[in-house]
Amino acid sequence: MFFNQHFQDEEPLPASGSRLFFRILGQEAPAVLKLNLLFLLCCLPVVTIPPALLALWQVERRMVEDRVVRSWRHYWDAFRQSWKRSYGAFALTALPMAAGSYGAWFYLRLAEANPLCYAPFMFCAVVLFGTLLSSSYLYGLLAADRPLTKETILLAVKLGLGKPLRAILAALSWYGATAVGILWFPLSGLWLLLAGFSLPCLLSQFLIRDVLKRFGSLES
């Protein structure tokens with residue numbers, strides 16, 4: 001009786017790791033589906049992809065922080081209020097990654113005939129890899145309502161280089177899962193329609209949440 005009472009009085013251990021992620025996913029599954037649909041609808045004009053993306057990150061930031069999420073209201077509020085920052089963030093991530101990818105591929109081909117081309121190849125590879133590492137942290141910081149300033153950008157780069165494992169996992173979750181879904185289209189059409197963007201984004205944010213909680217607060 002003593003031991004039964006003792007264990008009954010103990011508080012359950014807080015969920016962590018994968019258990020915490022699946023608990024959040026279970027609680028927010030309807031919101032994840034709604035957000036994916038909202039994101040796709042907002043991306044239809046194409047030029048609205050940057051604010052649609054940042055709005056998705058902002059609302060799902062609330063999920064990983066275990067705050068109340070009202071999918072429609074919070075998404076539209078974020079979309080309207082953060083569109084200026086979104087274009088800057090998109091330019092700082094998409095353009096260097098596109099240029100780095102093309103440059104690395106271009107100079108690697110030339111390096112077969114001219115070894116001197118390995119130098120620009122390495123430069124392009126560093127730009128690509130550095131942007132990949134920093135991009136998740138940059139969007140995570142902006143989702144936490146940081147302004148798009150030099151300090152925010154430098155912090156994202158420092159976190160990407162200083163905490164590369166989480167950055168790599170977050171990049172694989174977001175860019176990797178999204179790329180696989182797009183490449184497998186139309187077989188992956190239902191997945192992309194239901195959660196092909198919102199779920200990878202949620203996982204990516206979950207992977208960097210502890211780092212941002214420790215180093216990314218506005219007071220730090």
Side-chain angles (χ1 to χ4, degrees), residues 16-17 20-21 24 28 35 39 48-67 69 74-75 77-101 103-104 122-179 197-220:
S16 60
L20 178 58
F21 174 75
I24 293 173
E28 303 293 351
L35 288 171
F39 174 75
T48 56
I49 290 177
L53 179 58
L54 183 54
L56 180 65
W57 273 77
Q58 286 182 288
V59 178
E60 294 200 332
R61 166 84 181 199
R62 299 180 65 91
M63 292 183 184
V64 300
E65 291 181 340
D66 204 21
R67 291 191 285 163
V69 173
H74 287 144
Y75 188 87
D77 287 346
F79 186 90
R80 291 194 304 267
Q81 296 170 9
S82 302
W83 65 272
K84 290 183 179 180
R85 290 185 301 156
S86 71
Y87 285 102
F90 193 81
L92 288 171
T93 53
L95 294 182
M97 283 192 287
S101 299
M122 289 299 298
F123 174 78
C124 293
V126 168
V127 170
L128 171 61
F129 194 59
T131 306
L132 280 171
L133 291 177
S134 306
S135 60
S136 296
Y137 286 119
L138 178 61
Y139 271 89
L141 291 169
L142 295 178
D145 294 326
R146 272 184 174 263
L148 184 60
T149 60
K150 179 181 178 181
E151 290 73 18
T152 300
I153 297 169
L154 289 177
L155 178 57
V157 173
K158 290 178 182 178
L159 291 176
L161 299 179
K163 299 290 181 179
L165 179 58
R166 292 290 180 132
I168 291 172
L169 293 175
L172 287 174
S173 301
W174 173 241
Y175 298 110
T178 303
F197 299 95
S198 58
L199 186 54
C201 179
L202 180 64
L203 178 57
S204 180
Q205 294 215 59
F206 182 80
L207 289 167
I208 61 174
R209 65 191 289 270
D210 291 336
V211 177
L212 292 180
K213 187 183 298 184
R214 183 177 179 186
F215 299 103
S217 65
L218 289 172
E219 290 78 14
S220 61

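Computation of the quantities below employed the complete heavy-atom set of this structure, encompassing side-chain atoms and omitting hydrogens, waters and symmetry-equivalent molecules. All of these numbers come straight from a predicted model, not from anything done at the bench.
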Inset, instruction - Please collect all salt bridge (Lys or Arg N to Asp or Glu O under 4.0 Å) contacts where either partner lies in residues 148-158, sequence neighbours excluded, each pair once. - result: none
Legend entry - Student check: side-chain heavy atoms of Asp77 and Val59 closer than 4.5 Å: no
Inset, instruction - Measure across Ala104 and Cys124 and return the closest heavy-atom pair with its distance rounded to 0.1 Å. - result: N-CB, 3.5 Å
Legend entry - For the student: nearest non-hydrogen atoms of Ser136 and Ala171, plus distance: OG-N, 3.9 Å
Legend entry - Partners passing side chain to side chain donor-acceptor pair (under 3.5 Å) against Tyr87 (at least two apart in sequence or in another chain): none
Legend entry - Least distance between heavy atoms, Ala91 atom then Leu95 atom: O-CB, 3.3 Å
Inset, instruction - Over all heavy atoms of both residues, which pair between Arg62 and Val69 is shortest? Give the atoms and the distance, please. - result: CB-CG2, 3.8 Å
Inset, instruction - For Thr152 and Pro147, work out which heavy atoms get closest and say how close. - result: OG1-O, 2.7 Å
Legend entry - Between CG on residue Leu142 and CZ on residue Arg85, distance to nearest 0.5 Å: 5.5 Å
Inset, instruction - Kindly compute the distance separating CZ (Arg61) from CG (Asp145), expressed to the nearest 0.5 Å. - result: 8.5 Å
Legend entry - For Ala52, all residues meeting side chain to side chain contact (heavy atoms under 4.5 Å, CB included), sequence neighbours excluded: Phe39, Cys42, Cys43, Tyr75, Phe79
Inset, instruction - Measure the shortest side-chain to side-chain distance between Leu35 and Met63 over non-hydrogen atoms and say whether it is less than 4.5 angstrom. - result: yes
Legend entry - Tyr137 side chain vs Lys163 backbone, donor-acceptor pair below 3.5 Å: yes
Legend entry - Over all atoms of both residues, closest heavy-atom pair of Ala167 and Gly160: CB-O, 4.3 Å
Legend entry - Non-neighbouring partners of Ser135 that pass side chain to side chain donor-acceptor pair (under 3.5 Å), sequence neighbours left out: Tyr175
Inset, instruction - Please round to the nearest 0.5 Å and tell me the distance separating atom CG of Leu138 and atom CG of Leu154. - result: 11.0 Å
Inset, instruction - To the nearest 0.5 Å, tell me how far Leu165 CG sits from Leu133 CG. - result: 10.5 Å
Inset, instruction - Test Ile168 against Phe129 for side-chain contact (heavy atoms from CB on, under 4.5 Å), laying out the working first. - result: CA-CA 9 Å; Ile168 291 172; Phe129 194 59; 4.2 Å; yes
Inset, instruction - Taking side chain to side chain donor-acceptor pair (under 3.5 Å) as the test, write out the residues that go with Gln58, two or more places apart. - result: Ser82
Legend entry - Minimum side-chain heavy-atom gap Ser86-Leu53 below 4.5 Å: no
Enumerate donor-acceptor pairs with a distance under 3.5 Å from any side-chain N or O in residues 201-209 to protein atoms, sequence neighbours excluded.
unit_1: Ser204; atom_1: OG; unit_2: Ala170; atom_2: O; d: 3.2
unit_1: Gln205; atom_1: NE2; unit_2: Trp57; atom_2: O; d: 2.6
unit_1: Arg209; atom_1: NE; unit_2: Val64; atom_2: O; d: 3.3
unit_1: Arg209; atom_1: NH2; unit_2: Val64; atom_2: O; d: 3.2

